[in-house]
Amino acid sequence: MSLKIDVISTFPGIVETFAEMGIVGRAFKLGLAKLKVWNLRDFADDRFKHIDDDPYGGGPGMVIKPDPIFRTFDALEAMNSNEPRHVIFLTPQGKPFQQDDAERLSQQNHLVFLCGRYKGIDERVREALVDEEFSIGDYVLSGGELAAFVMIDAIVRLLPDATSDGDSVISDTFPFGLLDAPLYTRPAEYRGMQVPEILLSGNHAEIEKWRLEQRLERTRQRRKDLYKQYMRRLEDRENEQGQ
Ligand code: SAM
């Protein structure tokens with residue numbers, strides 16, 4: 001069964017453009033995942049397609065009204081026979097999106113991404129419709145579409161058969177909590193710079209050993225937090241095995 005993905009947005013074109021490219025575009029073309037983008041303005045209740053209004057209590061910026069969002073969900077539910085879905089709101093107030101989340105969400109059947117804009121959305125939408133809130137980093141974007149697509153990319157590339165070489169997903173930076181090893185391709189010498197001898201040796205056991213050492217060292221140097229986590233996990237595993 002393919003993963004259903006709905007995106008609710010005020011700028012659907014942004015999402016549709018990304019959805020045509022690369023591994024993710026290929027996955028949609030192969031039917032591994034199905035994308036539907038909903039334009040919030042189609043659910044505006046006036047002929048000028050207004051979806052936002054002034055914030056109660058005053059202050060700068062506009063707030064997306066609850067009605068267009070609730071009505072989009074009504075239409076979405078009608079189309080999907082009220083089947084279970086997991087609704088994600090993109091917001092800088094959400095928990096930081098991590099590889100573990102991508103793995104967990106890639107196991108779901110139906111994901112709905114709600115993209116905010118302007119000052120944000122009416123709080124009642126969050127309370128009534130949203131299951132989980134994610135941020136893609138500690139900065140403020142002008143809309144949730146790029147954030148939604150960052151998540152969709154990370155999730156869809158994990159689907160079985162999404163990458164032509166599934167192994168490359170396994171050796172990527174985060175699956176083991178370590179950063180990836182340095183990569184080289186032909187030529188073996190370029191402008192006086194050499195590819196490490198070991199990679200040309202054909203000795204796969206030694207190459208894997210070298211890669212692991214590089215991953216450990218790179219992670220220790222660049223991401224002490226991940227390195228400590230990894231070491232703690234190793235220690236726990238060793239203690240468990242010793243018991
Ligand atoms: N006033 C909001 C706040 O401080 O939480 C920020 C609103 S922002 C200008 C507009 C929309 O962009 C948000 O509703 C959210 O959907 C999206 N957005 C902005 N930064 C984001 C981030 N770091 N991660 C995920 N979504 C983000």
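Counting starts at 1 for both ligands and their atoms, in listed order.
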Here the atoms of ligand 1 under 4.0 Å from any heavy atom belonging to Ser135 are 23 (N), 24 (N), 25 (C)
Gly143 heavy atoms within 4.0 Å reach ligand 1 at atoms 11 (C), 12 (O), 17 (C)
re atom 15 (C) of ligand 1, the protein heavy-atom contact at minimum distance is Leu90 O, 3.0 Å
Assess Tyr118 for proximity to ligand 1: is some non-hydrogen atom of it under 4.0 Å away? yes
| Does the distance from a Lys or Arg side-chain N to an Asp or Glu carboxylate O, for Arg237 and Glu240, drop under 4.0 Å? | no
When distances are taken from atom 24 (N) of ligand 1, the protein heavy atom at minimum range is Ile136 N, 3.1 Å
Q.
Taking Glu145 first and then Arg117, would you say they form a salt bridge - that is, a charged N and a carboxylate O separated by under 4.0 Å?
A. yes
Check: Is it true that Ile23 and Phe18 fall in one hydrophobic cluster, defined by side-chain heavy atoms closer than 4.5 Å?
Finding: no
(message) Are any of the N/O atoms on Val140, whether in the backbone or the side chain, positioned under 3.5 angstrom from an N/O atom of ligand 1?
(response) no
If we number the atoms of ligand 1 from 1 as shown, the ones under 4.0 Å from a heavy atom of Ala147 are 25 (C), 26 (N)
**Request:** Check whether any side-chain N or O of Arg220 sits under 3.5 Å from a backbone N or O of Tyr227 as a donor-acceptor pair, and report yes or no.
**Result:** no
Notebook entry, point to check: Salt bridge or not for Glu127 and Arg124, using N-O below 4.0 Å?
Noted result: no
Does a side-chain N-to-carboxylate-O contact under 4.0 Å join Asp67 and Arg71? yes
For Ser142, the atoms of ligand 1 under 4.0 Å from one of its heavy atoms are 10 (C), 12 (O)
Closest to atom 14 (O) of ligand 1 among protein heavy atoms sits Gly116 CA, 3.4 Å
If we number the atoms of ligand 1 from 1 as shown, the ones under 4.0 Å from a heavy atom of Gly144 are 12 (O), 16 (O), 17 (C)
### Message
Test your reading of the model: is there a side-chain donor-acceptor pair from Asp101 to the backbone of Gln98, 3.5 Å cut-off?
### Response
yes
protein heavy-atom neighbour closest to atom 2 (C) of ligand 1 works out as Lys119 O, 3.3 Å
Between Gln221 and the options Arg223, Lys224, Glu217, the side-chain hydrogen bond (donor to acceptor under 3.5 Å, both in side chains) test singles out Glu217
among protein heavy atoms, the one nearest atom 23 (N) of ligand 1 is Tyr139 O, 2.8 Å
re atom 20 (N) of ligand 1, the protein heavy-atom contact at minimum distance is Leu141 N, 2.9 Å
Would you call Lys95-Glu133 a salt bridge at under 4.0 Å N-O?
no
Note: ligand 1 atoms sitting under 4.0 Å from heavy atoms of Gln93 are 3 (C), 5 (O)
Quick look: Pro92 vs ligand 1, heavy-atom contacts under 4.0 Å, and the answer is both
Test your reading of the model: is there a side-chain donor-acceptor pair from Arg215 to the backbone of Leu179, 3.5 Å cut-off? yes
Atoms of ligand 1 under 4.0 Å from any heavy atom of Phe134, numbered from 1 in the order shown, are 25 (C)
